[in-house]
Amino acid sequence: MSQLFIRGGGRLRGEVTVQGAKNSVLPILAATLLTGDTVELRGCPRLRDVDASVRILESLGCEAHWEGGCLSVDTAGLKGCEISDRLMREMRSSAIFLGAILARQGQAELSYPGGCELGPRPIDLHLSGLRDLGAEIDDAGGVLYCRAPRLRGREIVLSLPSVGATENLMLAACGASGVTTIANAAREPEIVDLQNFLVSCGARVSGAGTSTVAVEGGQKLHGCTYTVMPDRIVTATYLCAAAAAGGEIFLRNAREEHLSTVTAILREAGCAVSADAAGISCSAGERLQAVRPVRTAPYPGFPTDAQAILMAALLRSRGATLFEENIFENRYRHVDELTRMGAHIRVSGRAAVVTGVEALHGAPVRCTDLRGGAALCVAALAAEGETRISEICHIDRGYEDIARDLRALGGDAVRV
Ligand code: EPZ
């Protein structure tokens with residue numbers, strides 16, 4: 001099993017081009033099923049989760065191959081409608097394929113996606129919305145048997161702005177007759193990217209980025225060439241790395257409008273952050289200030305995916321910061337590992353209080369989940385000595401090559 005070795009204590013200096021967004025390209029890969037054509041995805045990140053999605057597409061009779069940084073997907077050969085339990089277990093967000101398979105094949109069969117490191121990951125909103133569109137869904141013994149001979153558009157109201165449910169229902173609605181509106185839709189930038197992709201394929205979708213998304217179904221969709229948006233959580237990761245270690249970096253292609261709650265907090269902590277059309281610059285001094293309470297919330301609130309990463313950046317700050325994790329039940333699993341490096345963090349339910357310490361020290365730590373693993377990298381850059389990070393397969397789900405990028409930013413990071 002590979003491990004990361006990071007020697008901290010030095011300031012960062014350098015620049016890197018931010019990879020394409022994992023949480024945008026995954027629903028877009030599901031959406032390619034709607035076209036029955038060839039789609040060229042430029043800037044598609046090479047990630048374990050992308051590989052898992054490609055395996056699902058290939059298991060459904062589709063073809064995919066890489067040409068440089070571009071992933072070409074041909075879904076003309078789509079056959080069958082089943083995602084195997086093995087493939088579902090590889091990536092629980094594979095539920096995102098359900099809407100597109102139903103829209104194209106009229107039926108779908110997949111095992112219930114299990115929970116993950118972050119806690120139970122229900123899909124009740126996905127299923128109730130699909131039933132609203134006319135799908136019949138039986139969940140017998142952990143397998144979902146879905147039939148939708150005809151999907152009919154109508155108004156759907158989500159009880160909470162679920163990202164995955166919004167995306168799944170946008171895709172199913174493309175295959176429904178008539179107009180579907182999704183009220184209380186998620187507003188994340190990845191939803192806007194999905195809408196832009198669908199429109200490039202000839203779909204009639206509008207409202208993404210607001211709480212109401214409208215889809216006029218029944219359009220014949222075709223392939224396209226599409227450039228995936230930059231990954232805002234990878235951007236947040238590298239900004240927090242500079243904040244933690246000090247120094248100055250430039251992130252090419254990063255777009256501040258996608259993570260303004262993160263950059264606002266970094267400025268409050270004492271970083272100088274500036275952005276232009278080319279990307280985001282960030283410089284930080286020796287020690288940050290603690291900040292006002294950080295409460296995770298659906299977009300445009302503070303992103304839950306950046307909670308562990310920002311926490312790592314504040315471990316040596318002056319003062320104490322309160323975190324409140326309001327999206328997932330079990331998203332403080334990185335705390336014990338950060339404590340091994342000398343961090344002072346107290347967790348009580350959804351709250352965690354980080355009290356800044358003078359210094360962190362390297363230690364052997366292990367990744368507990370994707371963003372918790374990224375947080376360990378951020379903390380290691382600010383720690384004296386060497387940190388050995390194991391179980392980095394979690395990090396590989398969302399970062400193309402975090403050691404390569406941290407080295408480009410001036411960090412001492414090696415994958416062995
Ligand atoms: C997406 O997950 C992202 N994943 C997550 O990123 C991200 O943390 C999350 O949105 C929130 O922004 C992808 O896009 C692949 P949700 P998703 O549905 O769609 C509850 C990362 O690190 N819920 O918005 O699963 C759910 O339990 C990952 O890149 C229901 O109750 O998130 C959670 O508490 C981690 N019923 C909340 O809603 C449902 O049917 C938000 O979930 C669906 C969700």
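Indexing begins at 1, ligand by ligand and atom by atom, following the structure's order. Just the heavy atoms: all of them, side chains too, but no hydrogens, waters or symmetry mates, feed the values below.
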task: Could you check atom 17 (P) of ligand 1 against the protein and tell me its nearest heavy-atom contact, residue, atom and distance included?
output: Arg121 NH2, 3.8 Å
- request: Using the salt bridge (charged side-chain N to carboxylate O under 4.0 Å, His left out) rule, pick out the option among Arg131, Arg147, Arg150 that qualifies with Glu136.
  value: Arg147
Closest protein heavy atom to atom 11 (C) of ligand 1, given as residue, atom name and distance to 0.1 Å: Thr304 CG2, 4.0 Å
message: Among Asp369, Leu160, Thr166, which one puts a heavy atom closest to atom 20 (C) of ligand 1?
response: Leu160
query: Any N or O of Leu26 that comes nearer than 3.5 Å to an N or O of ligand 1?
result: no
field: Polar proximity ligand 1 side, Val163 side, N/O cut 3.5 Å exclusive
entry: yes
query: Taking only residues two or more places apart in sequence, or in another chain, which ones meet Ala100 in a side-chain contact (heavy atoms from CB on, under 4.5 Å)?
result: Leu33, Leu34, Leu171
field: Interfacing atoms of ligand 1 (cut-off 4.0 Å, heavy-atom, Leu125)
entry: 36 (N), 39 (C), 40 (O)
- request: Check side-chain contact (heavy atoms from CB on, under 4.5 Å) between Arg350 and all other residues, then give those that pass, not counting sequence neighbours.
  value: Asn326, Glu329
query: Nearest to atom 44 (C) of ligand 1 by heavy atom, Pro122, Ala374, Ser159, Pro113: which?
result: Pro122
query: Side chain, backbone, both or neither: which part of Ala165 has a heavy atom under 4.0 Å from ligand 1?
result: neither
- request: Using distance alone, determine whether Ser93 and ligand 1 share an N or O pair under 3.5 Å.
  value: no
query: Do any nitrogen or oxygen atoms of Gly164 come within less than 3.5 Å of a nitrogen or oxygen of ligand 1?
result: yes
- prompt: Does ligand 1 have any atom that is closer than 4.0 Å to a heavy atom of Glu325?
  reply: no
message: Would Glu167 count as being in polar contact with ligand 1, using the rule that some N or O on each side must be under 3.5 angstrom apart?
response: no
query: Touching ligand 1 at all, Ile233? Heavy atoms, strictly under 4.0 Å?
result: no
field: Nearest protein heavy atom with distance in Å, relative to atom 8 (O) of ligand 1
entry: Asp305 OD1, 2.5 Å
Taking every non-hydrogen atom, the tightest pair across Asp193 and Ser24: OD2-OG, 2.6 Å
